[in-house]
> 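Encoded as structure tokens, here's the structure I'll be asking about.
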2 protein chains.
Amino acid sequence: MKYIDKLRNSGLRPTKQRLQICEVLFNTEKTFHFTINELEQKIKDKIDCKISLATVYNTVHAFEKKGYLKQIPINSNQTYFDTNVTDHHHFYDLKDQKLIDLENSDVGPINIKKKINGKRIKSVEVLVKLED
Amino acid sequence: MKYIDKLRNSGLRPTKQRLQICEVLFNTEKTFHFTINELEQKIKDKIDCKISLATVYNTVHAFEKKGYLKQIPINSNQTYFDTNVTDHHHFYDLKDQKLIDLENSDVGPINIKKKINGKRIKSVEVLVKLED
DNA sequence: ACCTACTTTATAATGATTCTAAATAAGTGT
DNA sequence: ACACTTATTTAGAATCATTATAAAGTAGGT
Ligand SMILES: [Mn+2]
Ligand SMILES: [Mn+2]
Ligand SMILES: [Zn+2]
Ligand SMILES: [Zn+2]
């Protein structure tokens with residue numbers, strides 16, 4: 001019931017698959033980072049029936065487009081997504097290949113002084129790479 | 001002649017292919033950003049003979065390992081490299097899919113206050129996404 | 001119930017990257 | 001110059017995340 005309105009208000013039909021994916025993605029205290037394959041595994045663990053991989057991709061992209069998920073730019077062969085869609089920064093642990101959130105207070109305000117003609121700043125993200 | 005010592009000192013044999021790739025990558029006033037396919041095109045334009053795609057990949061990875069190139073993390077299906085290996089930040093133009101360097105003075109110092117036990121900061125990079 | 005547009009799904013296609021193994025080239029010592 | 005060893009190049013195949021296809025299923029409206 002919890003996610004039916006959210007989906008309807010976004011113009012997305014509240015199908016069984018989308019509602020189950022909502023449960024996995026959004027029915028948690030903490031936000032988290034994931035790849036498509038990790039999400040597929042989480043879905044398998046939490047839910048009895050199978051959702052096809054194509055639907056997982058479709059749904060994640062639909063949710064991203066609606067602003068319920070965002071991509072995190074890191075150099076990996078897989079795309080990383082974030083259920084925390086607020087503006088925030090990341091540690092990236094190169095050994096474990098894990099993302100860790102940084103609070104904005106951990107980084108401080110960033111003032112971009114350069115301007116590009118005819119372009120607006122959409123986001124400012126800091127990536128801090130960690131090694132041992 | 002210019003790059004033979006550079007390669008030898010890195011433990012890389014100065015082959016014809018590597019020297020030609022050095023010309024394309026490093027024999028310019030300005031640094032630049034590229035994908036493997038863009039580099040392959042540049043090589044074709046500047047040079048008579050063909051270098052196999054496998055060699056372009058091998059060479060770029062070898063140069064990256066030696067610190068003569070670095071990867072730029074952005075969400076793209078292709079990996080972006082940078083001949084500017086100093087610590088610096090980027091604009092990413094979402095429409096044109098082009099990277100633009102930011103000077104450190106354009107961003108100011110970034111002080112990461114959070115610490116992770118047993119990990120050291122390797123790099124701090126800011127990515128500023130631009131839209132129209 | 002019926003219609004239509006949206007969604008799911010299995011499967012195939014795509015495409016960047018990596019792997020393989022055979023042919024070449026570079027460095028080293030004689 | 002030659003023989004020998006090791007690094008490198010290369011064409012082609014393999015990998016694998018992601019996207020496209022198109023047929024079957026579903027949601028929501030009339
Ligand atoms: Mn990607
Ligand atoms: Mn990549
Ligand atoms: Zn995050
Ligand atoms: Zn740069």
Side-chain angles (χ1 to χ4, degrees), chain A residues 1 3-24 33-44 47-66 68-81 97, chain B residues 1 3-24 33-44 47-66 68-81 97:
Chain A
M1 307 294 126
Y3 300 107
I4 290 179
D5 292 339
K6 175 175 183 162
L7 290 171
R8 281 232 182 79
N9 294 337
S10 311
L12 298 172
R13 290 186 181 171
T15 62
K16 182 165 49 107
Q17 291 87 344
R18 284 176 178 160
L19 290 169
Q20 289 177 326
I21 293 173
C22 277
E23 291 289 333
V24 174
H33 310 106
F34 64 92
T35 64
I36 295 285
N37 282 314
E38 289 167 354
L39 178 58
E40 212 197 359
Q41 193 53 54
K42 265 195 172 170
I43 291 167
K44 271 189 200 133
I47 282 168
D48 44 349
C49 76
K50 297 129 202 123
I51 296 177
S52 85
L53 182 57
T55 297
V56 178
Y57 272 99
N58 290 341
T59 302
V60 165
H61 287 140
F63 287 2
E64 188 198 4
K65 199 168 204 174
K66 297 298 177 183
Y68 302 139
L69 292 173
K70 68 173 182 182
Q71 282 188 234
I72 306 297
I74 52 172
N75 285 320
S76 163
N77 55 331
Q78 284 171 267
T79 302
Y80 275 79
F81 293 90
Q97 293 197 95
Chain B
M1 306 294 127
Y3 300 109
I4 290 180
D5 292 340
K6 177 175 180 162
L7 291 171
R8 281 233 182 79
N9 293 337
S10 311
L12 299 172
R13 290 184 181 174
T15 62
K16 181 165 49 111
Q17 291 87 344
R18 282 176 178 160
L19 289 170
Q20 289 178 326
I21 294 173
C22 277
E23 290 290 333
V24 174
H33 310 104
F34 65 91
T35 63
I36 294 286
N37 283 314
E38 289 166 354
L39 177 58
E40 212 198 0
Q41 193 55 53
K42 265 195 174 173
I43 292 166
K44 272 189 201 135
I47 282 168
D48 44 347
C49 77
K50 297 128 202 124
I51 296 178
S52 87
L53 183 57
T55 298
V56 178
Y57 272 99
N58 289 343
T59 303
V60 165
H61 287 140
F63 287 0
E64 187 198 4
K65 200 169 203 173
K66 296 299 178 183
Y68 303 139
L69 292 173
K70 68 174 183 180
Q71 281 189 234
I72 305 297
I74 52 172
N75 285 319
S76 164
N77 56 331
Q78 283 171 268
T79 302
Y80 276 78
F81 292 90
Q97 295 198 97

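So that the names make sense, note that chain A is the first sequence line, chain B the second, and so on, each numbered from 1.
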> What's the CZ-P distance between A:F34 and D:dT18, to the nearest Å?
11 Å
> Of all the choices, C:dT11, D:dA17, C:dT17, which nucleotide is nearest to the side chain of A:N77 once you look at every atom?
D:dA17
> Measure the NZ-OG1 distance between B:K50 and B:T55 for me, rounded to the nearest 0.5 Å.
14.0 Å
> Any N or O donor-acceptor pair under 3.5 Å from the base of D:dT8 to the side chain of B:R18?
no
> So, is B:H61 near the phosphate of C:dT17, with a side-chain N or O under 4.0 Å from OP1 or OP2?
no
> Considering just the side-chain nitrogens and oxygens of A:T55, establish if one lies under 4.0 Å of OP1 or OP2 belonging to C:dT7.
no
> For the side chain of A:S52, starting at C-beta, report the closest nucleotide among C:dA10, D:dG28, D:dT6.
C:dA10
> I want to confirm an ordering. Mapping B:L53 and B:L12 to their closest nucleotides on DNA chain D, which one lands closer to the 5' end?
B:L12
> Rounded to whole Å, please give me the gap between CD1 in B:I74 and C1' in C:dA16.
14 Å
> If I take atom CG in residue B:L19 and atom P in nucleotide C:dA25, what distance separates them, rounded to the nearest angstrom?
15 Å
> Write down the atom of B:I72, the atom of A:N75, and the distance for their closest heavy-atom approach.
O-OD1, 3.4 Å
> A:E38 CD to D:dT18 P: how many Å, rounded?
11 Å
> Answer yes or no: does a side-chain N or O of B:Q17 lie under 4.0 Å from OP1 or OP2 of D:dT10?
yes
> Looking only at heavy atoms, what is the nearest atom pair of B:P14 and B:L7, with distance?
CA-CD1, 3.7 Å
> Report yes if a side-chain nitrogen or oxygen of A:R8 is closer than 4.0 Å to either non-bridging phosphate oxygen (OP1 or OP2) of D:dA27; otherwise report no.
no
> Parallel under 30°, tilted from 30 to 60°, perpendicular over 60°: which one fits the rings of B:F63 and B:Y68?
perpendicular
> Under 4.0 Å between a side-chain N/O of B:Y57 and OP1 or OP2 of C:dT17, yes or no?
yes
> So if I take every side-chain heavy atom of B:N58 and compare against D:dT18, D:dT10, C:dT9, which nucleotide ends up nearest?
D:dT10
> Tell me which nucleotide among D:dT18, C:dG27, C:dT7 gets nearest to the side chain of B:P14.
C:dG27
> Whole Å only: how far is the CZ atom of A:R13 from the P atom of D:dG25?
17 Å
> Give the nucleotide from the list C:dC6, D:dA17, C:dT8 with an atom nearest to the side chain of A:N37.
D:dA17
> Using whole Å, what does the distance between atom C1' of nucleotide C:dA10 and atom CD of A:E40 come to?
13 Å
> Could you give the distance from CZ (B:R13) to CG (B:L19), rounded to the nearest 0.5 Å?
13.5 Å
> Between the two ends of the helix from C:dA1-D:dT30 to C:dT30-D:dA1, what is the bend in degrees, rounded to 10 degrees, where each end axis spans five pairs?
30°
> In whole Å, what is the span from the CG atom of A:N75 to the C1' atom of C:dA16?
14 Å
> Out of curiosity, B:H61 NE2 to B:Q71 CD, how far, rounded to the nearest 0.5 Å?
6.0 Å
> Can you tell me how far apart OG1 (B:T15) and CD1 (B:I51) are? Round to the nearest 0.5 Å.
8.0 Å
> With a 4.0 Å limit, can you tell me whether B:T15 has a side-chain N or O closer than that to the phosphate oxygens OP1/OP2 of D:dT9?
yes
> Which heavy-atom pair separates B:I21 from B:V56 by the least distance, and what is that distance?
CD1-CA, 4.4 Å
> Let's see if you can work this out: which of C:dC6, C:dA25, C:dA16 has an atom nearest to the side-chain heavy atoms of B:Q78?
C:dA16
> B:K65 NZ to C:dT18 P: how many Å, rounded?
12 Å
